[in-house]
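One structure is given here, and the rest of the page talks about it.
Excluded from the calculations below are hydrogen atoms, water molecules and symmetry mates; all remaining heavy atoms, backbone and side chain alike, are included. Bear in mind the structure is a predicted one, so any value in this text is a computation, not a measurement.
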Amino acid sequence: YIKSNSGSSTTKSADSCSVALSDAGYNGGPVTGIVEANNIGKPYPTFATLTDSTANQRVMVQGSSTASIVETFVVVGGSVVANPNSALTLSSSKVGFRCDTDNFATVVNGGTVATDTSGPQPATMTTLHIGSKQDGNFQVNGTIGRLSLYSAALSNVELQSLTSNP
């Protein structure tokens with residue numbers, strides 16, 4: 001609920017934000033991310049997108065059309081080059097993803113790490129979009145409690161540890 005200046009009420013349906021990756025400490029090379037999200041429940045909820053602000057160079061972490069799996073799409077030159085996916089829990093999930101040349105991964109809640117071992121890494125990623133794709137579509141209909149980025153390709157064991165529930 002948001003009270004407007006005119007006295008009528010407005011309901012907020014979704015939010016997303018973006019930040020320069022350099023402001024988040026990322027300046028190129030391998031990247032690993034951990035996203036904590038709750039009450040996801042929407043087809044194609046997009047947790048995070050690292051992009052050159054177009055659809056041509058990006059790493060996008062989103063739920064599937066049924067929101068039962070998490071997919072990490074790695075796009076270079078407008079084509080998907082890697083797509084590891086893992087099972088998703090709609091109520092509460094810690095999603096981990098890794099993007100490095102020939103070394104991509106997705107994991108949810110410390111489970112089995114899904115990998116893809118072929119493909120280049122996007123060369124130019126300048127913006128982090130939280131809660132949506134780069135164009136503002138496919139917003140998360142829930143909350144993102146935390147998003148952490150690492151300027152390194154963390155191991156599968158590290159991904160599982162960082163996404164395990166305490």
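In this structure Thr124 satisfies the side chain to side chain donor-acceptor pair (under 3.5 Å) test with no other residue, sequence neighbours excluded. With sequence neighbours left out, Gln57 forms a side chain to side chain donor-acceptor pair (under 3.5 Å) with no residue at all. Residues passing the side chain to side chain contact (heavy atoms under 4.5 Å, CB included) test with Ala20 are Ser22, Asp23, sequence neighbours excluded. Annotation: side chain to side chain donor-acceptor pair (under 3.5 Å) contacts of Thr54 (sequence neighbours excluded): Asp52. A search for side chain to side chain donor-acceptor pair (under 3.5 Å) contacts involving Thr32 returns nothing, not counting sequence neighbours.
Hydrophobic clustering places Met125 together with Val61 (ILVMFWY residues linked when any side-chain heavy atoms are closer than 4.5 Å, directly or through intermediates). The hydrophobic clustering, which links ILVMFWY residues whose side-chain heavy atoms are closer than 4.5 Å, places Val19 and Val35 together. With hydrophobic clusters built from ILVMFWY side chains whose heavy atoms lie under 4.5 angstrom apart, Leu50 does not share a cluster with Ile34. Ile144 is connected to Tyr26 through a chain of hydrophobic side-chain contacts under 4.5 Å among Ile, Leu, Val, Met, Phe, Trp and Tyr, so both are in one cluster.
Residues Val80 and Val75 form a side-chain contact, since some pair of their non-hydrogen atoms from C-beta on lies under 4.5 Å apart. Side chains of Val31 and Leu21 form no contact here, defined as non-hydrogen atoms less than 4.5 Å apart. For the pair Glu71 and Asn83, the minimum side-chain heavy-atom distance is below 4.5 Å.
No hydrogens or angles considered: nothing links the side chains of Ser18 and Thr127 as a donor-acceptor pair under 3.5 Å.
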What side-chain donor-acceptor pairs closer than 3.5 Å can you find for residues 95-102, not counting sequence neighbours?
{"residue": "Arg98", "atom": "NE", "partner": "Asn103", "partner atom": "OD1", "Å": "3.0"}
{"residue": "Arg98", "atom": "NH1", "partner": "Leu154", "partner atom": "O", "Å": "2.8"}
{"residue": "Arg98", "atom": "NH1", "partner": "Asn156", "partner atom": "OD1", "Å": "2.9"}
{"residue": "Arg98", "atom": "NH2", "partner": "Asn103", "partner atom": "OD1", "Å": "2.9"}
{"residue": "Arg98", "atom": "NH2", "partner": "Asn156", "partner atom": "OD1", "Å": "2.9"}
{"residue": "Asp102", "atom": "OD1", "partner": "Gly119", "partner atom": "N", "Å": "2.8"}

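At distances below 3.5 Å, at least one donor-acceptor pair connects side-chain atoms of Thr106 with backbone N or O atoms of Pro84. In this structure, Gln121 contributes its side chain and Gly29 its backbone to a donor-acceptor pair below 3.5 Å. At least one donor-acceptor pair under 3.5 Å links the side chain of Ser151 to the backbone N or O of Gly25. Looking at Lys94, its side chain does come within 3.5 Å of a backbone N or O of Ser164 through a donor-acceptor pair.
Between Ala82 and Ser118 the shortest heavy-atom distance is CB-O, 4.2 Å. Considering all non-hydrogen atoms of both residues, Ala105 and Leu159 come closest at CB-CD1, 3.9 Å. Residues Thr126 and Ser53 come closest through the heavy atom pair OG1-OG, 4.3 Å. Counting all heavy atoms, side chain and backbone alike, Val74 lies closest to Pro120 at CG1-O, 4.0 Å.
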Side chain to side chain contact (heavy atoms under 4.5 Å, CB included) between Thr163 and Asn109, intermediate numbers included: CA-CA 5 Å; Thr163 59; Asn109 294 337; 5.7 Å; no

